[in-house]
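Each ligand, and each atom within it, is numbered from 1 in the order the structure gives. Note that this is a predicted model, so its numbers are computed, not measured.
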Amino acid sequence: MNTSSCIGLSTMKPCRRILVSCKNSSLFGFPFLNSNYLITDNLSKLQPNLNDLPDSSNRVVGFTRTNTPNWRAFCLSGSDSGQSRFFSGCPLHTSNDRLVSNKVNVASDVRNHSTSIESQVNQNSFEKIYVRGDLHVKPLLIETIEEAHKVLENVEKDKDNEARVEVNDSLGVNIDNLNQRSDGSMVFRSTLKREVSEVEKEAWKLLRGAVVNYCGLPVGTVAAADPADKLPLNYDQVFIRDFVPSALAFLLNGEGEIVKNFLLHTLQLQSWEKTVDCHSPGQGLMPASFKVKAVPLEGRNGEFEDVLDPDFGESAIGRVAPVDSGLWWIILLRAYGKITGDYSLQERVDVQTGIRWILNLCLTDGFDMFPTLLVTDGSCMIDRRMGIHGHPLEIQSLFYSALRCSREMLTVNDSTKKLVAAINNRLSALSFHIREYYWVDMKKINEIYRYKTEEYSTEAINKFNIYPEQIPSWLVDWIPENGGYFIGNLQPAHMDFRFFTLGNLWAIISSLGTPTQNEGVLSLIEDKWDDLVSDMPLKICYPALECEEWRVITGSDPKNTPWSYHNAGSWPTLLWQFTLACMKMGKPELASRALASAEKRLLVDQWPEYYDTRHGRFIGKQSRLYQTWTIAGYLTSKMLLENPEMASMLFWNEDYEILENCVCGLNKNGRRTKCARVASRSPSVSEPLLPQIK
Ligand code: GLC
């Protein structure tokens with residue numbers, strides 16, 4: 001039976017759970033899929049030993065080694081009713097997995113074998129999606145063992161020439177120094193050691209203790225590792241968004257391997273089939289989290305295999321798809337390249353495909369009228385009902401950042417040029433939309449206060465029909481004379497005026513806001529320090545929903561009571577993002593101030609996940625302790641502050657090409673006209689925010 005017919009069969013099984021596994025064994029010093037393959041020096045001779053597959057009713061429909069490098073075998077259940085599992089070979093790993101070659105040959109590209117799928121997909125999508133069946137797999141990459149050996153030799157040589165960072169629990173963190181590689185690219189290498197404080201030492205120890213291994217290789221960090229917690233729920237999993245500060249801490253410390261492994265393993269998970277009550281979410285979705293499980297091997301006493309078990313929201317409380325996961329993945333992929341100088345990872349065929357899949361999901365045409373992404377409540381860091389469905393700022397800022405990253409990373413060729421054009425258009429439209437409609441300051445609120453309503457026509461000033469009565473009483477007194485912020489959400493007849501920290505910070509970091517708006521946000525944070533930073537940085541949002549609003553909007557959520565958790569609780573993990581934003585705006589002293597107040601308490605309080613009360617004075621009611629992204633966020637902030645050069649690689653300045661590429665085509669009266677944001681090309685010219693009408 002050929003591959004495509006196997007795929008055909010698989011589509012008949014609606015409810016299957018996919019796990020990725022490897023067995024803990026090794027051959028020639030490499031962990032390898034236990035006796036399923038006869039290894040020779042030539043990949044073409046590799047044969048799976050079918051009898052040794054864990055479930056003999058499974059059929060191997062393909063096998064491959066990815067550049068991790070991995071061998072993996074695809075097994076489909078022989079029975080329509082049964083659950084099938086995906087088995088992945090243990091990575092053929094060496095101590096250095098930079099065994100990446102751009103020279104990849106597609107050995108048995110399942111997508112090329114798939115049936116006439118291309119004709120079934122949305123013709124409006126930006127490229128043809130190869131597989132829309134149940135088995136979603138990445139292109140199968142193959143390298144010869146000889147090639148691998150050659151690369152390894154070079155890597156070893158390279159290693160000898162590099163001053164590799166040594167970090168251990170007790171000594172110190174090494175920061176500084178950009179070294180130039182033989183190919184001219186810059187790579188962060190540390191040579192300086194400095195004494196680290198007790199708090200940092202402890203933080204490093206805990207961060208290392210939170211590392212999760214898969215097949216003997218580090219692939220992520222658990223969300224929380226409190227030894228006293230007997231009911232960890234899913235906090236013992238690796239969350240995509242939570243891992244980002246851990247990844248940055250490792251990267252800034254010269255340790256790229258764990259990040260690379262994480263990126264590649266989550267990439268594998270992206271392509272797997274996932275179902276929620278017999279419905280499959282879109283291809284390209286990244287899981288919210290994954291867990292490494294040790295599963296007993298059938299028929300092999302005492303033997304276990306490592307299994308990767310992703311959660312795409314099907315187990316998560318509220319069953320929400322994690323829209324931000326794919327965006328964070330793209331952001332981290334770029335950061336990895338920038339900090340390590342290893343751009344070969346983002347150039348890989350499978351990684352490029354991963355980027356495109358995420359973008360296809362985000363850019364697919366729907367019913368939407370706005371360039372912002374439409375999502376359900378709780379689809380990001382705030383993953384419970386908090387009234388953020390629609391077009392929440394957090395998602396828009398991350399979306400914008402991910403688009404900017406993708407624009408840098410995507411290989412432009414005939415098959416991607418439409419996608420690249422779509423990215424450029426979206427960047428332009430999105431920045432216009434957010435700058436124009438989400439921004440509020442004293443002047444804008446006064447405008448809204450005097451809005452006329454029920455304006456039917458394209459010439460409406462009050463385009464979203466906002467009733468001035470919506471301006472909350474707290475805001476009237478709260479909005480400072482100077483500065484402003486981006487509101488939390490915008491819908492027809494609804495502006496969510498709450499201040500959401502993550503979205504505002506990423507608007508600064510990615511230059512989604514204009515330079516003046518970005519300055520305005522920071523100036524507002526400074527002005528409202530007691531409300532937003534206070535005793536423990538930083539409030540996730542401000543202010544809290546109370547009384548009836550809390551009852552209706554959160555659904556009476558006892559975890560999200562006023563000034564707790566997502567409902568205006570204080571989250572120390574936001575510190576690293578605040579640090580980045582401050583550094584970008586040339587105000588590192590603000591970040592240092594926040595860091596200093598956090599530093600006083602985090603270690604003593606055992607690194608809580610969040611704090612409660614108006615000023616963040618109490619450890620959160622249901623807060624986990626030893627929360628990894630609290631620890632990693634602290635370390636990352638520290639290292640960013642010490643290394644402005646590195647920090648500058650993680651943020652973006654205004655891109656005048658984006659402004660030039662204006663697609664809004666609107667004049668003041670809403671009529672189509674030629675937009676001239678181009679006029680603002682030079683930074684010295686007036687604010688390049690809005691289309692200036694010719
Ligand atoms: C909570 C947070 C979410 C985080 C997860 C793991 O669910 O809301 O943002 O990713 O915990 O820490």
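- Across Asp383, Asp242, Leu233, Ile540, heavy-atom proximity to atom 12 (O) of ligand 1 is greatest for Asp242.
- The side-chain contact (heavy atoms from CB on, under 4.5 Å) with Leu345 is formed by just one residue from the set Thr340, Val259, Leu263; it is Leu263.
- Of all the atoms in ligand 1, the ones that sit under 4.0 Å from a non-hydrogen atom of Ala223 are 6 (C), 12 (O).
- Looking only at protein heavy atoms, the nearest one to atom 11 (O) of ligand 1 is Tyr235 OH, 3.4 Å.
- When each atom of ligand 1 is checked for a heavy atom of Tyr565 under 4.0 Å away, the hits are 1 (C), 2 (C), 7 (O), 8 (O).
- In this structure, the protein non-hydrogen atom closest to atom 9 (O) of ligand 1 is Met381 O, 2.7 Å.
- Atoms of ligand 1 lying under 4.0 Å from at least one heavy atom of Gln627, given by number and element, are 12 (O).
- Assignment of His566 to the shell around ligand 1 is supported, since a heavy atom sits closer than 4.0 Å.
- Remark: the Glu609 side chain and the Tyr235 side chain contain an N/O donor-acceptor pair separated by less than 3.5 Å.
- The residue Arg624 has no part lying near ligand 1, judged by heavy-atom distances below 4.0 Å.
- The one candidate from Trp629, Phe399, Phe262, Trp506 that meets the ring-ring contact (aromatic ring centres under 6.0 Å, His included) condition with Trp328 is Trp506.
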I would like to know whether Glu198 and Lys201 meet salt bridge (Lys or Arg N to Asp or Glu O under 4.0 Å); could you show each step before the answer? CA-CA 5 Å; Glu198 284 307 310; Lys201 272 185 203 166; 3.4 Å; yes
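- Contacts of Arg384 with ligand 1, taken as heavy-atom pairs under 4.0 Å, are absent altogether.
- Remark: Lys621 NZ is packed, more than 12 non-hydrogen atoms of other residues, nucleotides or ligands lying under 6.0 Å away.
- Scanning the protein heavy atoms around atom 5 (C) of ligand 1, the nearest turns out to be Phe239 CE2, 3.9 Å.
- When each of Asp309, Asp236, Asn234 is checked for a side chain to side chain donor-acceptor pair (under 3.5 Å) with Lys291, only Asp236 meets the rule.
- With rounding to the nearest 0.5 Å, the separation of CG in Leu505 from CD in Glu394 is 10.5 Å.
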